[in-house]
Asker: 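The structure follows.
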Amino acid sequence: MAYYENVGKVAYEGSQSQNPFAFKFYNADEVVMGKKMSEHLKFAMAYWHTLTAEGSDPFGATTAVRPWHSYSGIDLAKARVEAGFEFMDKMGLEYFCFHDIDITPEGSSLKEFFANIDTIVDLIESNMKSSGKKLLWNTANMFTNPRFVHGAASTCNADVYAHAAAQIKKGLEVGKRLGGENYVFWGGREGYMSLLNTDMKLEQDNIARMFHMAVDYAKEIGFDAQFLIEPKPKEPTKHQYDFDAATTISFLQKYDLAKHFKLNLEANHATLAGHTFEHELRVARINGMLGSLDANQGDMLLGWDTDEFPVNVYDATLTLYEVLQNDGLGKGGINFDAKVRRDSFEADDLFLAHIAGMDTYAKGLKVAAKLIEDRAFEKVIEERYSSFSEGIGADVVAGKTTLASLAEYAMNNETPRANKSGRQEHLQSILNQYIYG
Ligand code: XUL
Ligand code: CO
């Protein structure tokens with residue numbers, strides 16, 4: 001049965017197309033810098049936003065009109081699987097991602113939850129076989145259920161800690177079974193609200209212990225997915241331990257975990273941390289930790305995680321610039337951790353939103369590729385730092401200097417070379433030329 005009767009396969013029709021259900025820039029087979037767009041942009045459907053969540057917010061109930069509404073319980077879970085695969089097929093999305101609780105009801109015990117997971121994973125597996133769709137990543141939701149009120153790996157309650165471990169163990173088994181390319185940890189409630197009741201050191205040590213156990217178990221069962229941590233600075237807790245890329249990398253280094261993990265960076269989380277997305281990508285990239293992306297955008301006028309579909313070409317260009325400079329994302333991809341607005345409640349909106357997001361990233365990719373091919377900024381940066389390629393600068397970089405030798409150089413160099421303008425505005429106008437030209 002077809003769930004989305006109004007929409008057929010979405011095809012590329014070019015930038016002049018007036019067909020709302022066509023791609024204007026995303027042309028899967030078009031080659032950019034030697035690779036097909038579909039290989040650069042391993043887009044993934046987020047199960048939770050596209051199939052599970054239906055538009056509720058703290059002030060109002062769900063609004064979404066969905067073709068699976070006549071079902072309930074495990075039948076609803078099954079209908080969502082079928083609808084999800086139809087959606088991916090029609091959209092040309094090759095990947096998907098999910099939390100354990102997105103795919104199935106939790107039931108009344110861990111045993112029942114895991115049995116439900118097995119039933120739905122059977123169905124997902126057979127759909128993957130017949131469609132060729134792939135799992136970008138899965139994860140365990142350890143933040144929605146009230147048992148995680150004090151956190152999961154950072155909880156003060158050892159029984160809850162054990163429950164979280166059980167969910168991660170199951171998640172790794174499911175990931176292995178479905179050939180997941182990555183496995184994500186987002187520390188939903190791994191943070192705190194007040195220091196007055198918090199043992200910060202024990203909480204962080206326990207999170208690291210949980211990660212080490214996960215690394216060991218993945219090895220034991222032969223699951224070779226890339227492990228990813230998704231930083232976020234606030235929401236739901238006031239202080240999240242995985243605040244941003246830099247904080248998370250330091251954490252991983254401190255606990256001897258860096259070689260087992262990379263980062264899954266999310267645009268809206270960067271905004272909440274007071275960073276641009278490209279800043280977060282650059283920090284990860286120069287540390288060899290850029291793993292995967294959650295593509296979305298926030299609203300600069302709202303201070304929370306709005307998870308909007310990315311439509312800003314300027315931001316997408318700078319994002320893809322980092323991805324291309326990183327030589328791609330390896331096992332990682334681009335998950336649309338993005339939801340349609342509450343008032344975009346028709347099922348067709350799911351298609352229109354993904355088209356907008358995919359087109360935005362495709363346009364960003366093409367502009368970024370041109371910037372890199374022309375070395376538009378690299379030339380400027382090389383020239384800007386050229387004093388470190390020769391003479392005293394080259395000695396600094398080679399580690400040949402001391403404070404004393406530099407002081408002697410400075411004393412004997414009464415007319416230091418003059419600083420040059422950073423030319424920021426000019427570079428910004430060059431970026432505009434590439435985007436709009
Ligand atoms: C929450 C968020 C999550 C993670 C996966 O802000 O981004 O959906 O992507 O748990
Ligand atoms: Co996310």
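Just so you know, ligand 1 is whichever comes first in the structure, and atom 1 is the first atom listed for that ligand. Note that the structure is predicted; figures quoted are calculated from it, not measured.
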Asker: When rounded to the nearest 0.5 angstrom, what is the spacing between CH2 in Trp186 and CG in Asn141?
Answerer: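 With rounding to 0.5 Å, CH2 (Trp186) is 8.0 Å from CG (Asn141).
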
Asker: Quick one: which ligand 1 atoms are inside 4.0 Å of a heavy atom on Trp48?
Answerer: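 So the answer, numbered in order with elements, is 8 (O).
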
Asker: To the nearest 0.5 Å, what is the distance between CG on Leu293 and CG on Leu136?
Answerer: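 Output value for this atom pair is 10.0 Å.
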
Asker: Is any protein N, O or S atom closer than 2.8 Å to the Co ion (ligand 2), and if so, which?
Answerer: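 Correct list: Glu230 OE2, Glu266 OE1, Asp294 OD2, Asp337 OD2.
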
Asker: Could you tell me whether Tyr361 and Tyr26 have their ring centroids closer than 6.0 angstrom?
Answerer: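 Ring centroids of Tyr361 and Tyr26 are no less than 6.0 Å from each other.
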
Asker: Out of all atoms in ligand 1, which are within 4.0 Å of some heavy atom of Asp294? Include the element for each.
Answerer: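 That gives atoms 9 (O) of ligand 1.
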
Asker: Among all protein heavy atoms, pick out the one at the shortest distance from atom 10 (O) of ligand 1; state its residue, atom name and that distance to 0.1 Å.
Answerer: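 Going by distance alone, atom 10 (O) of ligand 1 is nearest to His99 NE2, 2.7 Å.
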
Asker: Ring pair (Phe, Tyr, Trp, His ring centres under 6.0 Å) with His354: which of Phe23, Phe43, Phe87, Phe21?
Answerer: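 Passing option: Phe87.
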
Asker: Are Glu181 and Lys42 ion-paired here, with the side-chain N under 4.0 Å from a carboxylate O?
Answerer: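 Judged by the 4.0 Å cut-off on N to carboxylate O distance, Glu181 and Lys42 do form a salt bridge.
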
Asker: For the pair Lys232 and Asp242, find out whether any cationic side-chain nitrogen is under 4.0 Å from an anionic carboxylate oxygen.
Answerer: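 Salt bridge flag = no for Asp242 with Lys232.
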
Asker: Using salt bridge (charged side-chain N to carboxylate O under 4.0 Å, His left out) as the criterion, list what pairs up with Asp29, not counting sequence neighbours.
Answerer: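 Here the qualifying residues are Lys36.
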
Asker: Is the shortest N/O to N/O distance between Asn264 and ligand 1 below 3.5 Å?
Answerer: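 N/O-N/O distance under 3.5 Å: no.
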
Asker: Would one find an N or O of Asp307, backbone or side chain, under 3.5 Å from an N or O of ligand 1?
Answerer: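 Between Asp307 and ligand 1 (N or O atoms, distance only) the closest approach is not under 3.5 Å.
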
Asker: Using a 4.0 Å cutoff against the non-hydrogen atoms of His269, which atoms of ligand 1 qualify?
Answerer: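 In order of numbering, the contacting atoms are 1 (C), 2 (C), 6 (O), 7 (O).
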
Asker: Name the closest protein heavy atom to atom 8 (O) of ligand 1, giving the residue it belongs to and the distance to 0.1 Å.
Answerer: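 The closest heavy atom on the protein side is Asp337 OD2, 3.3 Å.
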
Asker: Counting each atom of ligand 1 from 1 as listed, which ones have a heavy atom of Asp305 under 4.0 Å away?
Answerer: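 Near Asp305, the atoms of ligand 1 are 6 (O).
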
Asker: Regarding ligand 1, does Trp137 bring an N or O atom to under 3.5 Å of one of the ligand's N or O atoms?
Answerer: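 It does not: no N or O of Trp137 is found under 3.5 Å from an N or O of ligand 1.
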
Asker: May I have all residue pairs that pass side chain to side chain donor-acceptor pair (under 3.5 Å) and include part of residues 428-437, sequence neighbours excluded?
Answerer: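 Every pair satisfying side chain to side chain donor-acceptor pair (under 3.5 Å) with a residue in residues 428-437: Asp374-Tyr434.
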
Asker: Measure the acute angle between the ring planes of Phe261 and Phe185, then classify it against the limits of 30° and 60° as parallel, tilted or perpendicular.
Answerer: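 Taking Phe185 first and then Phe261, their aromatic rings sit tilted (interplane angle of 30° to 60°).
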
Asker: Enumerate the residue pairs fulfilling salt bridge (Lys or Arg N to Asp or Glu O under 4.0 Å) with a member in residues 168-179, sequence neighbours excluded, ordered by first and then second residue.
Answerer: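 Sorted pair list: Asp118-Lys170, Asp122-Arg177, Glu125-Arg177, Lys169-Glu173.
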
